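Taking it in order: structure first as structure tokens, then the write-up.
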Amino acid sequence: MDWKLKIGLFVVSVAGFMASAYFLLQDIFVVVNNTNDLIYLSLLVLLLCNSLIGIIIAMPENFSFLKKIKLLGRGASLRRGI
């Protein structure tokens with residue numbers, strides 16, 4: 001996977017996590033009056049879990065990418081590939 005895609009996945013996952021956490025915290029104390037509220041809260045929880053899994057997947061890949069950048073900064077060859 002290209003490094004741009006890895007960083008993009010991480011950014012989208014963090015943004016989705018923050019947005020779903022915000023809306024979940026806003027609506028968590030609302031009493032579930034009907035089925036629509038229950039479906040809405042369950043979809044928010046699913047989005048939160050999906051974003052969390054995306055962050056967990058993308059973090060090690062981004063840390064290894066940052067290590068490679070540090071190696072390149074120390075004078076390693078650019079032909080090694082990132």
Side-chain angles (χ1 to χ4, degrees):
M1 194 176 351
D2 191 27
W3 65 272
K4 294 175 189 174
L5 292 175
K6 292 176 188 178
I7 292 175
L9 172 67
F10 183 71
V11 169
V12 168
S13 296
V14 169
F17 181 80
M18 290 183 354
S20 61
Y22 171 76
F23 287 117
L24 186 64
L25 288 176
Q26 294 294 318
D27 297 333
I28 195 74
F29 299 113
V30 176
V31 177
V32 177
N33 294 328
N34 54 18
T35 320
N36 290 335
D37 292 338
L38 184 64
I39 292 171
Y40 174 70
L41 287 176
S42 64
L43 287 175
L44 278 177
V45 169
L46 284 173
L47 179 62
L48 190 70
C49 292
N50 190 11
S51 299
L52 187 64
I53 295 297
I55 291 170
I56 291 171
I57 289 172
M59 252 197 326
E61 294 176 355
N62 287 330
F63 284 139
S64 66
F65 174 70
L66 291 175
K67 287 179 186 177
K68 288 179 183 179
I69 288 177
K70 287 180 185 178
L71 285 176
L72 289 175
R74 292 182 184 159
S77 169
L78 287 174
R79 296 183 182 250
R80 289 177 58 189
I82 293 179

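As the structure is a computational prediction, the values presented were derived from the model and not from experiment.
Going from atom CD1 of Ile39 over to atom CG of Leu46 covers 11.5 Å, rounded to the nearest 0.5 Å. Within the model, atoms CG of Leu47 and OG of Ser42 stand 11.5 Å from one another, a figure rounded to the nearest 0.5 Å. Leu48 CG to Phe23 CZ: the interatomic distance, rounded to the nearest 0.5 Å, is 13.0 Å. The distance from atom CZ of Phe10 to atom CD1 of Ile57, rounded to the nearest 0.5 Å, is 12.5 Å.
Under the 4.5 Å side-chain contact rule for hydrophobic residues, Met18 and Leu41 share a cluster. Linking Ile, Leu, Val, Met, Phe, Trp and Tyr whenever their side-chain heavy atoms come within less than 4.5 Å leaves Leu25 and Val45 in two separate clusters. Follow the hydrophobic side-chain contacts under 4.5 Å out from Met59 and you reach Val14 in the same cluster.
In plain terms, the two heavy atoms of Ser51 and Gly16 that are nearest each other are OG-C, 3.4 Å.
Legend: side chain to side chain donor-acceptor pair (under 3.5 Å) pairs involving residues 12-38, not counting sequence neighbours, sorted by first then second residue: Asp27-Tyr40.
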